[in-house]
J.: 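I'd like to ask some things about the structure below.
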Amino acid sequence: MAKLAEEMNPEGSQYQILLSCPFGLSPSQLSVDFSKSHDRVPHPDPDLEDSISQVWEKRIQGNSSLFNGQKFRFQYGSYSLDGDGGSGSTNEVQHVCLRLGLTDYRTFVGTNLSSLWEKFLVTSQDDSIRCRHTSSPLGNGAVIETSDKKIIVLRRSNNVGEFPGHYVFPGGHPEPTAVGIDYHQLESNVRTGELLNKKVTQEMFDSIICEVVEETGIPASSLSPPLFIGISRRELNVRPTMFFFVKCSHHSDDIPRLYSSAEDGFESTQLHTVSLDELKMMTSRMPGCHHGGYALYELMLQRLKNIKETSVLAKEDDA
């Protein structure tokens, strides 16, 4: 297993940028429409539906550390935005609304991660139709920049349920239970629904800080408020992940010491602090959704470079 990351199938590293926000969005610029209408639609083939339970039972028998839990389902092709942020665009996006439903890890393993995953897809150019039968939980990841401009990368342990042994950015999932959601409830009025959507929106930002703290040992007080930079999809298994940019006040030399006491350190075997060039070389050994996270970070850096160059030109013109 030691060489697993180096020997990975390149197919697993392929990705698509679904949404790019290189200016970085704060909580006030992101909103959520959480609704049962965005849940997964059961597949009409009963045998294929039955395979979900069969796959799950087989997986937990082989890995006792796996457990089921509620997740937010990303409704593909179903977000609205002010500005142009699709397909890798570097134009400014002012506001994004994500449409989320409810799913669970068991259904994720039985659909997206199943060897039969392509059978759950519908032939359509519309992703919301194409992926209507998949669980597609929305994952999260953080591109963390240390005070000396190094980026933090983890190597996943061999006991995790998804892409063991691969390089990833710290992350996981926003958790429905963190905002009191165990199942869909009929909202008594519009205001109740609006309050719930605000709680879910805040969980998008709170959860990534929690994941970083738990997986790296870096205290929350040393992290900047996260900025949402977009969503990428791993083409293998149509797996969506939202990414954030976070600054860390610690020097890269401090990070290994903090990592040694990380609460969820068991989920990874190594932590690396790498330069941008080193990070680029690691992307072929990342799952596609995290490879896409690197691409989103590159778009953000390009935007900063463009602003700097424009500023220099403006000063020269003024002179």
Side-chain angles (χ1 to χ4, degrees), residues 1-15 39-76 100-123 127 130-141 154-168 171-177 181-183 211 214-215 233-241 264-269 285-291:
M1 295 298 288
K3 294 186 178 181
L4 177 59
E6 287 79 0
E7 297 173 350
M8 84 163 61
N9 184 343
E11 181 186 6
S13 190
Q14 295 176 5
Y15 67 90
D39 284 4
R40 169 184 175 266
V41 176
H43 198 280
D45 182 342
D47 291 335
L48 194 57
E49 276 295 294
D50 288 343
S51 74
I52 295 174
S53 296
Q54 296 166 10
V55 169
W56 174 249
E57 290 301 321
K58 185 175 181 180
R59 286 291 292 272
I60 59 175
Q61 286 174 12
N63 187 348
S64 59
S65 66
L66 295 181
F67 61 93
N68 194 18
Q70 299 285 64
K71 304 297 176 187
F72 289 109
R73 180 180 186 270
F74 179 64
Q75 176 69 306
Y76 271 117
L100 304 179
L102 199 59
T103 186
D104 57 34
Y105 193 72
R106 167 186 168 276
T107 310
F108 172 50
V109 168
T111 58
N112 295 81
L113 296 188
S114 169
S115 61
L116 303 174
W117 70 274
E118 290 177 295
K119 293 184 180 294
F120 284 95
L121 301 180
V122 176
T123 302
D127 277 342
R130 180 172 178 253
C131 302
R132 70 197 309 174
H133 302 307
T134 61
S135 171
S136 299
L138 182 61
N140 61 19
L154 299 173
R155 186 165 185 174
R156 290 172 67 79
S157 78
N158 294 323
N159 293 322
V160 295
E162 188 179 4
F163 278 78
H166 291 59
Y167 294 123
V168 293
H173 298 86
E175 301 292 349
T177 54
I181 298 174
D182 293 310
Y183 51 87
E211 294 286 0
E214 292 172 359
E215 294 189 0
R233 175 177 69 192
R234 184 175 72 230
E235 291 297 80
L236 180 70
N237 315 124
V238 290
R239 165 61 145 138
T241 303
D264 287 351
F266 64 90
E267 293 185 358
S268 59
T269 57
R285 291 171 281 172
M286 286 181 163
C289 41
H290 285 254
H291 191 172

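Note that this is a predicted model, so its numbers are computed, not measured.
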J.: Looking at every heavy atom in both V238 and R130, which two are closest together, and how far apart are they?
T.: CG1-NH1, 3.7 Å

J.: Can you tell me how far the CD atom of Q70 sits from the NE2 atom of H173, to the nearest 0.5 Å?
T.: 12.5 Å

J.: Using side chain to side chain contact (heavy atoms under 4.5 Å, CB included) as the criterion, list what pairs up with E49, not counting sequence neighbours.
T.: R40, P42, H43, I52, F120

J.: Any non-hydrogen side-chain atom of H133 less than 4.5 Å from a side-chain atom of V122?
T.: yes

J.: Is there side-chain contact between D264 and F266, with heavy atoms separated by less than 4.5 Å?
T.: yes

J.: Which pairs pass side-chain hydrogen bond (donor to acceptor under 3.5 Å, both in side chains) with one or both residues in residues 53-63, sequence neighbours excluded?
T.: S53-R106, N63-S65

J.: To the closest 0.5 Å, what do you measure between OG (S136) and CG (N237)?
T.: 9.5 Å

J.: Rounded to the nearest 0.5 Å, what's the gap from SG on C289 to CD on Q14? Could you check?
T.: 13.0 Å

J.: Are side-chain heavy atoms of H290 and F163 found at a separation under 4.5 Å?
T.: no

J.: Would you please say whether a donor-acceptor pair under 3.5 Å links the side chains of S135 and T107?
T.: no

J.: Below 4.0 angstrom, N of the basic side chain to O of the carboxylate: do D45 and K119 qualify?
T.: no

J.: What distance do R73 atom CZ and T103 atom OG1 have between them, rounded to the nearest 0.5 Å?
T.: 7.0 Å

J.: Test your reading of the model: is there a side-chain donor-acceptor pair from S13 to the backbone of M286, 3.5 Å cut-off?
T.: yes

J.: Any chance you could lay out the side chain to side chain contact (heavy atoms under 4.5 Å, CB included) test for F74 and L100, step after step, and finish with the verdict?
T.: CA-CA 5 Å; F74 179 64; L100 304 179; 4.2 Å; yes

J.: Check whether Y167 forms a cation-pi arrangement with R155 (NZ or CZ under 6.0 Å from the six-membered ring centre, at most 45° off the ring normal).
T.: yes

